[in-house]
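Only this structure's heavy atoms are used, side chains among them; waters, hydrogens and symmetry mates stay out. Chain identifiers are assigned alphabetically (A, B, ...) following the order of the sequence lines, protein sequences preceding nucleic acid strands; residue numbering begins at 1 within each chain.
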2 protein chains.
Amino acid sequence: MASHQIPIHQLTSLLGEWRGPSSDYTSLAERVRLMVIDGRIKAGARLPSERVMAEHLGISRTTVNSALAELRASGYVRSRQGSGSVLDIPGRTGDLPIPQAGDMLDLSRATSAAVPGVHAAAERALRWLPARLTTDGYELSGLPALRETLADRYTASGVPTTPENIVVTSGSAGAISLIARTLLAPGDRVIVETPGYPHSNDAFRSAGARLLPTIVDGDLGWDADEFAGTVERALPTLAYVMPDFHNPTSRSMSDAVRTTIVDVASRHGTVIVSDETTAELDIDRSEATLPLAVYDTHGNTVISVGSASKTMWGGLRVGWVRASSTIIDRLVAARFSFDLGAAVMDQLITSELFDGFDEVIGYRQEIHRASRDALANALARHLPTAHLHPVEGGVAAWVRFDAPVSSALTVAARRRGLLIGAGPWFGLSGEFERNIRVPITATPDAIERAVAILADAMIETARPGREAGRSVL
Amino acid sequence: MASHQIPIHQLTSLLGEWRGPSSDYTSLAERVRLMVIDGRIKAGARLPSERVMAEHLGISRTTVNSALAELRASGYVRSRQGSGSVLDIPGRTGDLPIPQAGDMLDLSRATSAAVPGVHAAAERALRWLPARLTTDGYELSGLPALRETLADRYTASGVPTTPENIVVTSGSAGAISLIARTLLAPGDRVIVETPGYPHSNDAFRSAGARLLPTIVDGDLGWDADEFAGTVERALPTLAYVMPDFHNPTSRSMSDAVRTTIVDVASRHGTVIVSDETTAELDIDRSEATLPLAVYDTHGNTVISVGSASKTMWGGLRVGWVRASSTIIDRLVAARFSFDLGAAVMDQLITSELFDGFDEVIGYRQEIHRASRDALANALARHLPTAHLHPVEGGVAAWVRFDAPVSSALTVAARRRGLLIGAGPWFGLSGEFERNIRVPITATPDAIERAVAILADAMIETARPGREAGRSVL
């Protein structure tokens, strides 16, 4: 099989505002190089043809050709007869020695080890397994006992719910891709947050949707009027939001924002997918909030998504959807050609862990609080010009620099053994070059080391022209 | 949210050759009614508008209107102001009392309870859990130990394989939908078997593919020349086959067919997805076969799909894909927005069950052999005119009647407490009205009771005109 060709629309979207202070061909080459190094484009993928790139980027074929020549010279592109320009990483040339993944301090994922008690819960879950083994094990809606527990938890939080409103999925990723695949048709419009969670964006794109951004400001949060305007103008099928401890900004929606967006969505037939996978990971939020579904008086505007992965353990592939029974029925029917249900043993373990769930949350809360405080201290010491947006819960902190250095900084940090998500990872088209996400799921110690590395990398990054052919974008 | 509208192309495809001996409006109404009753269309779904149906079915609006009137009179359609014709099941009217699912003899799925030893394997797996709990649990490629076991098993079967050629998925359903979503673009063509596995067809349709049939004859198997002609003419991106104990016919490909289809696919860049989820469930196949990937000398034409669900237990959501490392890399990358990996505990249990896998197969073999023999005996006794195609392994038997009675027969059987898959379930457009699938995963006792019910139902079905407004199609 030939190498995978990057579709031109994906490339232009990833490139974003690629033009910089250098010549166009140098800026283009540099941007592509950064994207290969930080993994936004995989080595081994094939670029579109020179003609197509020139046409869609609005530059001459000569410029494209020069950029490719530069990438080829630095080892980031190899050209093969008849198979176009294939991206590469010049690992062995010494130009950019990349530490092995095992040696890296990995803060690229906002994930962590299991909470205590998972093994004991698994042991207890074994008692319930024999009864399940007499069935064929395909639980397309989820195990009744778990669905009942989840329904009770929603009801207690202010959203009256019965098991018929619940389907258990393979994690929240499985929930979102099932929703995208079932409720969207190609060409449908979907509102997504920017910055936002890139893998959900991919799930919607994969269903053929067109994404419309709604901004989440690191200090101010959502702009409900902008959201309403987009709904009225574009009549999107879905809107995907994280109303509590949004990833990556940690913002939560105010009561007023919740009221407005559910109201406008309801009036225009837009369904809101409310991703609440980290909603319970409160540290010290000042304002009490109600789940978004509370605002959905008719019950057919809000779909809630939850998960055991961020609170209990990522290795438990258990998530869920709460929605009207009509929507749940459609999702369950679609699972025959999707995944045939979530793992039975994981569902039994999750049920057990809901007994004592307050301790699970308490454990996470303590770590996240310590890590957030460590981050604030380390930034004040090592990177005093960086701005830390307020973090009241969730899994991530959003940091802003006073210059658009994010991609270059993360590349320089990588050479120093730190993997971390550059701001543009969380945008739709290369924006957020002044931002970086720091997961507070990491230990305080790891966060202190990471900030020290970033400070060191910043010195290199802030010195323009130090390395030939490198431009700060 | 309004009820789900059935797309017109899906409706026409499901209707197939709907015209019968009765008038067009009666035949159309009857066909729709059968599809609602046996679940091919869900009650609650909305039909396209009269105008659209008339246009695409090539009949007058008056005919459509009369058919709808008939369905409305019998309770199968309710019309609501402004929301069109919504399908319904008149459960309470006594016209067609439908037994509750719990009371039914369910032979609609070719699934079964767990093999012995799953609980013990889960207990042993707990020993390996603590080490996994120190990680974040996201295993996008699968646990290394399981991938190594799978690679060794492929190598031993004649297909040299390393762990880099393996990704562990959420069952084979998760494998096939991941493949469809990752390797297909809208409008791509995919060869599928007919009869074949309907949920795989749905996975390909869901990715926007156009399906091209290749016939599997219940006695003769595949027509390699027909397959080759379709590849040459249509240049499909994928071809989906079950070369060993095909579901539902139980046929296996001969050496000559394997050679021809891999050769023609390789020459035209078509990738063959070889679904081998039941390939090890041999009862007494006369001809020894080699895995399809053995015929793939360059290693980039055949993708093999396997699963623990049909051999060990469906509640273990563990499947896998074996392919070139290039394809595996693409599948793994796509999982970030799909399901983030398979359940860790299930992977540990599956690894344990591969120690002693011969016993797992031996256990299934014994049941399937007894059930197959019970089926042959029961048919000879109760339905002597039915033809049982040879069953040498797998999970299903394919039975042919001497008249196109399948849909009507399964409806009559349902009233007598038996759920079973009508032939058209396994076709692309309503064909196989002379066939029925009997799963040999059911116990011999269940199969004997099912055949007795079918024989009783056949008496009613074979008497044309007994029930007003019912036509045998």
Side-chain angles (χ1 to χ4, degrees), chain A residues 1 3-4 42 44 109 111-114 118-119 122-123 126 129-130 132-139 170-171 173-174 176-177 181 186 198-203 206 208 269 271 300 309 313-317 324 326-327 329-330 333-346 349, chain B residues 1 3-4 42 44 109 111-114 118-119 122-123 126 129-130 132-139 170-171 173-174 176-177 181 186 198-203 206 208 269 271 300 309 313-317 324 326-327 329-330 333-346 349:
Chain A
M1 166 168 282
S3 51
H4 173 53
K42 248 186 120 89
R109 298 181 180 187
T111 61
S112 36
V118 174
H119 192 273
E123 276 180 334
L126 282 184
L129 188 58
R132 310 313 316 174
L133 293 172
T134 63
T135 74
D136 69 11
Y138 295 96
E139 294 289 344
S170 302
I176 291 162
S177 56
R181 186 175 188 269
H199 302 315
S200 298
N201 294 346
D202 285 344
S206 196
V271 169
N300 45 21
S309 305
W313 184 41
L316 294 173
R317 305 308 306 134
S324 69
T326 312
I327 290 178
D329 285 352
R330 286 180 62 188
R335 290 188 93 175
F336 280 105
S337 60
F338 184 69
D339 65 359
L340 285 173
V344 169
M345 190 64 196
D346 279 11
I349 298 172
Chain B
M1 167 169 281
S3 52
H4 173 54
K42 248 185 119 94
R109 298 181 180 187
T111 61
S112 38
V118 174
H119 192 274
E123 277 180 333
L126 281 183
L129 188 58
R132 309 313 316 173
L133 293 173
T134 63
T135 74
D136 69 10
Y138 295 96
E139 295 289 344
S170 301
I176 291 162
S177 56
R181 186 175 188 270
H199 302 315
S200 299
N201 294 345
D202 285 344
S206 196
V271 169
N300 45 20
S309 306
W313 184 41
L316 294 174
R317 303 310 305 134
S324 70
T326 312
I327 291 179
D329 286 350
R330 287 180 61 188
R335 290 188 94 175
F336 280 104
S337 59
F338 184 70
D339 65 359
L340 285 173
V344 169
M345 191 64 196
D346 278 11
I349 299 172

Scored by heavy-atom pairs under 4.5 Å with chain B, the best of A/Gly314, A/Pro186, A/Ser177 is A/Gly314
Counting heavy-atom pairs under 4.5 Å with chain B, the top scorer among A/Ala122, A/Ser170, A/Ala173 is A/Ala173
Can a side-chain donor-acceptor contact be found between B/Ser337 and A/Asp202 if the only test is distance below 3.5 angstrom?
no
Check whether A/Leu133 gets within reach of chain B through its side chain, its backbone, both or neither, counting any heavy atom under 4.5 Å.
both
Give a yes or no answer on whether the side chain of A/Arg317 reaches the backbone of B/Asp339 with a donor-acceptor pair at less than 3.5 Å.
yes
Here the gap from A/Ser309 atom OG to B/Tyr138 atom OH, rounded to the nearest 0.5 Å, amounts to 4.0 Å
If you count heavy-atom pairs under 4.5 Å between each of A/Asp346, A/Leu129, A/Thr135 and chain B, which one has the most?
A/Thr135
Given heavy-atom pairs under 4.5 angstrom as the criterion, report whether the side chain, backbone, both or neither of A/Ala342 touches chain B.
backbone
For the interface with chain A, which of B/Glu139, B/Arg181, B/Arg335 has the highest count of heavy-atom pairs at distances below 4.5 Å?
B/Arg181
Counting heavy-atom pairs under 4.5 Å with chain A, which one of B/Ala203, B/Ala334, B/Gly269 comes out on top?
B/Ala203
Is B/Ser200 close to chain A through its backbone or its side chain, or both, or neither, when contacts mean heavy atoms under 4.5 Å?
neither
Chain A heavy atoms under 4.5 Å from B/Leu316: which part of the residue, side chain, backbone, both or neither?
neither
Between atom NE2 of B/His4 and atom CZ of A/Arg330, what is the distance when rounded to the nearest 0.5 Å?
5.0 Å
About how many Å separate CE of B/Met345 and CG of A/Leu126, when rounded to the nearest 0.5 Å?
6.0 Å
Contact winner vs chain A - B/Gly174, B/Ser206, B/Gly171, heavy-atom pairs under 4.5 Å:
B/Ser206
Between A/Leu340 and chain B, which part of the residue has a heavy atom less than 4.5 Å away: side chain, backbone, both or neither?
both
Which bit of A/Arg109 comes within less than 4.5 Å of chain B, counting heavy atoms only: side chain, backbone, both or neither?
side chain
